[in-house]
4 protein chains.
Amino acid sequence: MSEIGHNSEAFGESPDVINQDAQGRLRSFVARLETLDDQKDDILSDAKEVYAELKGEGFDPKAIRKLISLRKKDRAKVIEAKTILELYASALGCLDLV
Amino acid sequence: MSEIGHNSEAFGESPDVINQDAQGRLRSFVARLETLDDQKDDILSDAKEVYAELKGEGFDPKAIRKLISLRKKDRAKVIEAKTILELYASALGCLDLV
Amino acid sequence: MSEIGHNSEAFGESPDVINQDAQGRLRSFVARLETLDDQKDDILSDAKEVYAELKGEGFDPKAIRKLISLRKKDRAKVIEAKTILELYASALGCLDLV
Amino acid sequence: MSEIGHNSEAFGESPDVINQDAQGRLRSFVARLETLDDQKDDILSDAKEVYAELKGEGFDPKAIRKLISLRKKDRAKVIEAKTILELYASALGCLDLV
DNA sequence: GGCTTGGAATAGCTTC
DNA sequence: GAAGCTATTCCAAGCC
């Protein structure tokens, strides 16, 4: 393991200097990413509140999640999935379950 | 079973109808949630760019993902660490001794 | 799109039909999976009994669940721990130095 | 924290003796539960293989999961219905008819 | 019986 | 484009 933070002898190309530079850039990248992650968590938290609110008004959170998910998904794919399920159920003779 | 937005008092209307008010609130909730979801997608997109950038500078994206994940877990772990001791005592059936 | 068990080549038959062979294999797969699922349920049932028993002896089931979960994670962590060091080096862009 | 494993002065009722006993029983319970958990993991692993296999034959794993889930729920309902019937028959003193 | 936690499944991104 | 890994989502079991 090479000692990080040990500034070796004022040479511009020594491995340690490279590491120190890399370390600085790494810190910067990590900071940016963690900031973004925090923002994402805030948004998820907000969404959670909205779900709590609508639940408080008597709506079904689960149903609304599903609804939003469906709106986001491609309609064609939804239909295809349903078709396959019916196909298999039919093969098993339990179409009534679908 | 009581249904929100169900306006069938003494009317012969279909049960599958929601009143105007509930419909409006539902639209509002869905709009808010979809806005939040869009923002989340933007952030994920930004993070993606950052990963592309750091990769371009020779860093390993996978490793940095792991790093950030570990840092996040560590922060979370400190918070729950205080409960573990009690938990162990409780597991031994001698919580009263702690 | 190629569909397994879809025997409609040049026939006017419904697309929602599976051929005999595919149907047989499907039945077989489902049977195997349902057998496995039954076995899993038996095991979960046994575990439930153990938890009831230990609760009867004054232990805290919730704590013990947590304990077992932590032990499982620990074991997993030990296995991956050896990769983390390389990962950190990699994150710094200096894997070659390790 | 009380020192576990320290057998204090040969008294049968000291807390440490109680703890040692509790510790032994705890170990036993944990061992039983972890064995069961291992078995469960084996079964899940087997199921995973089956899903991989059927996928290899062109079936849609997701659809089959759904199908099995539906069949399971259905069976549960059938069993429940039968139970209720027996319950009523029993109440009417005509269990022999069921 | 709902609510909350934990585990399993799915989907998306990454790499080969 | 297929396969593995990670992250999110979903669901069910457990507890109050």
Worksheet item: Do C/Leu70 and D/Phe29 share a hydrophobic cluster (ILVMFWY, side-chain heavy atoms under 4.5 Å, transitive)?
Response: yes
Item to complete: To the nearest Å, give me how far apart OH (A/Tyr51) and P (F/dT8) are.
Response: 16 Å
Worksheet item: Would a distance-only check, ignoring hydrogens and angles, find a side-chain to backbone donor-acceptor pair under 3.5 Å from C/Ser69 to C/Arg65?
Response: no
Item to complete: Answer yes or no: is there an ion pair linking C/Lys77 with C/Asp74, defined by an N-O contact shorter than 4.0 Å?
Response: no
Worksheet entry | Closest non-hydrogen atom pair between C/Leu26 and A/Ala91, with its separation | CD2-CB, 3.7 Å
Worksheet item: Can a side chain N or O of D/Lys62 be found less than 4.0 Å away from OP1 or OP2 on E/dA11?
Response: yes
Practice prompt. Measure from the side-chain heavy atoms of A/Lys40 and tell me the nearest of E/dG7, F/dT8, E/dT15.
Written response: F/dT8
Worksheet item: Under 4.0 Å: is that the gap between some side-chain N or O of C/Ser69 and OP1 or OP2 of E/dG7?
Response: yes
Discussion item. By the 4.0 Å heavy-atom rule, please label D/Lys72 as base, sugar-phosphate, or nothing.
Written reply: nothing
Fill in: Minimum-distance nucleotide to C/Lys66 side chain [options: E/dA8, E/dG6, F/dT6]
E/dG6
Worksheet item: How long is the line joining CD1 of D/Ile43 and C1' of E/dA8, in whole Å?
Response: 15 Å
Item to complete: Give A/Lys55 one of three labels, base, sugar-phosphate or nothing, depending on what nucleic acid heavy atoms sit under 4.0 Å from its own.
Response: sugar-phosphate
Response to the item:
From CG of B/Leu67 across to C1' of F/dC5 the rounded distance in Å is 17 Å
Fill in: For atom CG of A/Asp41 and atom P of F/dT9, their distance in whole Å
11 Å
Fill in: Separation of F/dA7 P from A/Leu33 CG (nearest whole Å)
12 Å
Response to the item:
Ranking B/Lys48 and D/Leu44 by the position along DNA chain E of their nearest nucleotide, the one closer to 5' is D/Leu44
Discussion item. Go nucleotide by nucleotide along DNA chain F from the 5' end; which of A/Arg65 and B/Arg65 gets its closest nucleotide reached first?
Written reply: B/Arg65
Worksheet, complete the sentence: Here the distance between atom P of F/dA12 and atom CD1 of D/Ile68, to the nearest Å, is 14 Å
